Amino acid sequence: MGSQVPLEPRGRDSGPMFSGVAPEIIEDTLIHLATENEQYLSELPEQAGYFKETRIVEFIFLLSEKWHLDQSTRYHAVELLESRQNRSLSNCGFCRFMIKQVEQMCDNSRNAKGRDQGQRSSWSSVREQIANTFVLRLVSCVQLASKLSLHYSRVTSDTALKFLQSLKYSYTKQELLESELAVLNTLHFHINVSTPLAYVELLLEVLGYNGCLLPAKPLHQLCVQLLDFCYLTRETIYDTLLKIAIENSTPSKLQIAKFLTVKEDFMLLAVGVISTGVFILSPDHWEQVVEHLNCITGITPQSILEFSYAVVRRIVGSTTPEQHHRNCGAKSPKNRVLPQK
C-alpha cells in the first residue's frame with residue numbers, strides 16, 4: 001500500500017577505525033596496492049582519465065550525496081568509468097565500454113546505409129545514441145558501486161528510475177537492468193576496483209603504525225575533502241604540477257603525453273593528499289610525515305612537496321609547502337615527478 005523505501009540500509013558505520021589491523025595484513029595490502037598501481041601505469045591506455053572530466057565527476061558526487069551514499073562509493077563509481085584491472089582485462093572499464101559501443105554503433109550504421117552516405121551520417125547517429133545513454137550508464141555505475149558498500153545504503157531500481165524520470169528520461173526498469181548488465185559484462189563482472197581513498201586510508205594506517213602522532217580522524221576527514229577537491233579540480237592541479245616538473249609554462253605534446261602516468265598514479269595522489277592535509281592541520285609534523293611517506297612509497301620528498309604545492313596553491317594561492325620547506329632550511333632532493341627532458 002505505502003511507497004517503497006528507495007534506499008535499503010545495510011547497517012551503520014562510524015567511519016574508519018585506525019590502529020586495529022595486524023601489521024602483516026597492512027604490509028600485504030600495501031604491497032598489493034603498490035603492485036596493482038604499478039601494473040596499471042605500465043600498461044596505461046591513451047584514453048585514461050578521459051571520463052574524469054569535472055562535469056562527470058561532479059555529477060557522480062552530487063548524485064551520491066543526494067542518495068546519501070558513503071564516501072568510498074562515489075570514488076568507486078568514478079573509477080568504474082576508468083576501471084583499473086589487470087592485463088587480462090585490458091579492454092574493460094567504462095572508457096573501453098564506450099569505445100566498444102561506438103565501434104558497434106558505427107558498424108551498425110554503416111551496414112544500414114550506403115557506403116558513401118553512411119560515412120558522413122554515421123558519426124552524427126552515433127553521437128546521438130551516446131548522448132541518449134550516457135546518463136543512464138553513469139547512474140548504472142553509481143548503482144553498482146553502491147551495491148559494494150556493505151555498511152551503507154544501496155540504490156534500488158525504483159530510486160534510479162525516479163531520478164532519471166526527473167531528468168525527463170523515459171527508461172523502463174528493464175532498460176535500467178540491461179544497462180547494469182551491459183556494464184558488468186564489459187567489466188567481466190570485475191567491479192571491485194581500487195580507489196585513491198583506499199590508498200589514503202592504508203597510508204594513514206601505516207603512518208600510525210610507524211609512530212606518527214597525528215589526529216587520525218580529523219586528518220582522515222580533511223584528506224577526504226582534499227581528495228574530493230583533487231577530483232573536481234583535477235586538470236588545474238595537474239597542469240600546475242606539470243609546469244613545476246618541467247620548469248616551463250608551455251609543455252610540449254610529448255611532455256603532456258608522458259605526464260599521463262603521473263595523473264593516473266593513485267599512490268602519488270594519496271601521498272600528495274595526506275601531505276597537504278598534514279600541512280594544513282599540523283604543519284609542525286609536515287616534514288616528518290613527508291619523510292615517512294618517502295620511506296613507505298619510494299616517492300621522493302620533492303615530488304610530494306610539488307604535489308602539495310599544486311593543491312595548496314589551487315586552494316588559497318598564498319603560503320605553500322614549498323615556502324614552508326624553504327623557511328625550514330631543508331635541502332631539496334633533485335629527483336622530480338618527471339625528468340625535465
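Every value quoted in this text rests on a predicted model; they were computed, and no experiment measured them.
Under a 3.5 Å cut-off, the side chain of Thr133 and the backbone N or O of Leu136 do not form any donor-acceptor pair. A donor-acceptor pair under 3.5 Å is formed between the side chain of Thr276 and the backbone N or O of Gly272. When atom types are taken as modelled, the side chain of Ser179 and the backbone of Glu175 share no donor-acceptor pair closer than 3.5 angstrom. In this structure, the side chain of Asp265 does not engage the main chain of Thr261 through any donor-acceptor pair within 3.5 Å. Checked by atom type and distance alone, the side chain of His76 pairs as donor or acceptor with a backbone atom of Ile191 at under 3.5 Å. Counting only distance, with no hydrogens or angles, the side chain of Ser146 and the backbone of Gln143 share a donor-acceptor pair below 3.5 Å. In this structure, the side chain of Tyr209 does not engage the main chain of Pro23 through any donor-acceptor pair within 3.5 Å.
Atom CZ of Arg234 is separated from atom CG of Leu232 by 12.0 Å, given to the nearest 0.5 angstrom. Interatomic distance, Leu227 CG to Phe229 CZ, rounded to the nearest 0.5 Å: 12.0 Å. The distance from atom CD of Glu291 to atom CD1 of Ile296, rounded to the nearest 0.5 Å, is 11.5 Å. Note: Cys223 SG to Leu281 CG = 8.5 Å, rounded to the nearest 0.5 Å. Rounded to the nearest 0.5 Å, atoms CD1 (Ile315) and OG (Ser308) are 9.5 Å apart. Interatomic distance, CG of Leu197 versus OG1 of Thr73, reported as 10.0 Å (0.5 Å rounding).
Under the side chain to side chain contact (heavy atoms under 4.5 Å, CB included) criterion, Asp228 pairs with Phe61, Arg74, Tyr75, not counting sequence neighbours. Every residue two or more places apart in sequence or in another chain that forms a salt bridge (charged side-chain N to carboxylate O under 4.0 Å, His left out) with Glu53 is listed here: Arg55. Ile25 meets the side chain to side chain contact (heavy atoms under 4.5 Å, CB included) test with Val21, Ala22, Thr29; sequence neighbours excluded.
Counting heavy atoms from C-beta outward, Val200 and Thr195 have side chains that stay 4.5 Å or more apart. Side-chain contact between Leu138 and Leu63: absent, with no pair of heavy atoms (C-beta onward) separated by less than 4.5 Å.
In this structure, Tyr171 is not a member of the same hydrophobic cluster as Leu177, with clusters built from ILVMFWY side-chain heavy atoms closer than 4.5 Å. Connection of Leu62 to Val139 is not established within any shared hydrophobic cluster, with ILVMFWY side chains joined at heavy-atom distances below 4.5 Å, either directly or through further cluster members. Hydrophobic clustering (ILVMFWY, side-chain heavy atoms < 4.5 Å, transitive): Leu148 and Leu184 are in one cluster. Cluster annotation: Leu144 and Phe189 are assigned to the same hydrophobic cluster (Ile/Leu/Val/Met/Phe/Trp/Tyr, side-chain heavy-atom contacts under 4.5 Å, transitive). By the rule that hydrophobic residues join a cluster once side-chain heavy atoms approach within less than 4.5 Å of another member, Leu203 and Leu213 end up as members of separate clusters.
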- Begin with the C-alpha distance, continue with both residues' side-chain angles, and end with the deciding distance and a verdict on side-chain hydrogen bond (donor to acceptor under 3.5 Å, both in side chains) for Gln225 and Gln221. CA-CA 6 Å; Gln225 293 174 333; Gln221 292 172 354; over 6 Å; no
- Query: Could you go step by step and tell me if Lys263 and Glu235 meet the salt bridge (Lys or Arg N to Asp or Glu O under 4.0 Å) rule?
  - Reply: CA-CA 9 Å; Lys263 294 177 71 174; Glu235 291 306 318; 3.2 Å; yes
- Show the numbers, then the answer: is there a side-chain hydrogen bond (donor to acceptor under 3.5 Å, both in side chains) between Asp70 and Ser72? CA-CA 6 Å; Asp70 71 308; Ser72 63; 2.5 Å; yes
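Looking at every heavy atom in both residues, Leu269 comes nearest to Tyr238 through CD1-OH, 3.9 Å. Taking each heavy atom of Phe51 and Ile56 in turn, the nearest pair found is O-CG2, 3.6 Å. Taking each heavy atom of Phe266 and Ser194 in turn, the nearest pair found is CE2-O, 3.5 Å. The two residues Val183 and Ser140 make their nearest non-hydrogen contact at CG2-CB, 4.4 Å. Shortest non-hydrogen contact noted between Cys230 and Ile237 is CA-CD1, 3.8 Å. Nearest heavy-atom pair across Leu214 and His285 is CD2-CB, 4.0 Å.
For the pair Glu306 and Arg313, the salt-bridge criterion is not met [side-chain N within less than 4.0 Å of a carboxylate O]. A salt bridge links Lys243 and Asp239; the closest N-O separation between the charged side-chain nitrogens and carboxylate oxygens is under 4.0 Å.
Residue Glu27 qualifies as open at atom CD: its count of foreign heavy atoms under 6.0 Å is 12 or below.
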